[in-house]
Amino acid sequence: MCSRMEKELLIEEVSVVSAFIGYRFRKDEPVPEEFLKTAEVRRFLYATSPELVDAEKIRKELAALKQPFLNKPIVFP
C-alpha cells in the first residue's frame, strides 16, 4: 500500500529507469526486455489504485531492471 504522492514518485522513478536503459542500447539493436518491462510497470501504476501498489516491491523490481545496464556506456543515436 502506498499514498498518492508515493505513487507519483514511483511513476517518476520508472521514467528515470526507462531513460537510463534507453540511453544504453543502440537504436538498431533489439529493444531490451528490461526496457519493455519498464513500460509494463508504468502502465500498472497508472491503472492501479495507490492502495493496491506495493511501493517497495516496485522499487526492487526497478533496481533489478537497471542492474544489467549499470556498467554500460551511454550510446548516442
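Just so it is clear, the values below take in all heavy atoms, side chains as well, and ignore hydrogens, waters and symmetry mates.
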Under 4.5 Å between side-chain heavy atoms, hopping through other hydrophobics if needed: is there a path connecting V16 to V41?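 Result: no, two separate clusters.
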Can you get from I21 to L70 by hopping between Ile, Leu, Val, Met, Phe, Trp and Tyr side chains that sit under 4.5 Å apart?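 In one cluster: yes.
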Separation between [atom1] of [X] and [atom2] of [Y], rounded to the nearest 0.5 Å:
X	Y	atom1	atom2	answer
T48	L10	OG1	CG	11.0 Å
L52	L45	CG	CG	11.5 Å
E34	S18	CD	OG	11.5 Å
E6	L9	CD	CG	7.5 Å

According to the ring-ring contact (aromatic ring centres under 6.0 Å, His included) rule, which pairs have a member within residues 23-52, sequence neighbours left out?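 Non-adjacent pairs meeting ring-ring contact (aromatic ring centres under 6.0 Å, His included): F25-F35.
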Residues two or more places apart in sequence or in another chain: which of them pass salt bridge (Lys or Arg N to Asp or Glu O under 4.0 Å) with R42?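 Checked R42 against salt bridge (Lys or Arg N to Asp or Glu O under 4.0 Å); zero matches.
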Salt-bridge present (K66, E13; N to O < 4.0 Å):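 No salt bridge links K66 with E13.
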Inspect the contact between R43 and E40 and indicate whether a charged nitrogen and a carboxylate oxygen are less than 4.0 angstrom apart.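 Salt bridge absent between E40 and R43.
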Give me the atom names and distance for the closest heavy-atom approach of P68 to L65.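 Nearest pair, atom of P68 first, then L65: CD-O, 3.3 Å.
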Which heavy atom of A55 sits nearest a heavy atom of C2, and at what distance?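 So the minimum-distance heavy-atom pair works out to CB-CB, 4.1 Å.
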With a 4.5 Å heavy-atom cut-off, do [X] and [Y] have their side chains touching?
X	Y	result
E8	R4	no
K37	E61	yes
R24	I74	yes

Are there more than 12 heavy atoms of other residues, nucleotides or ligands under 6.0 Å from atom CD of E29?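 Counting neighbours around CD of E29, more than 12 heavy atoms of other residues, nucleotides or ligands fall under 6.0 Å, so yes.
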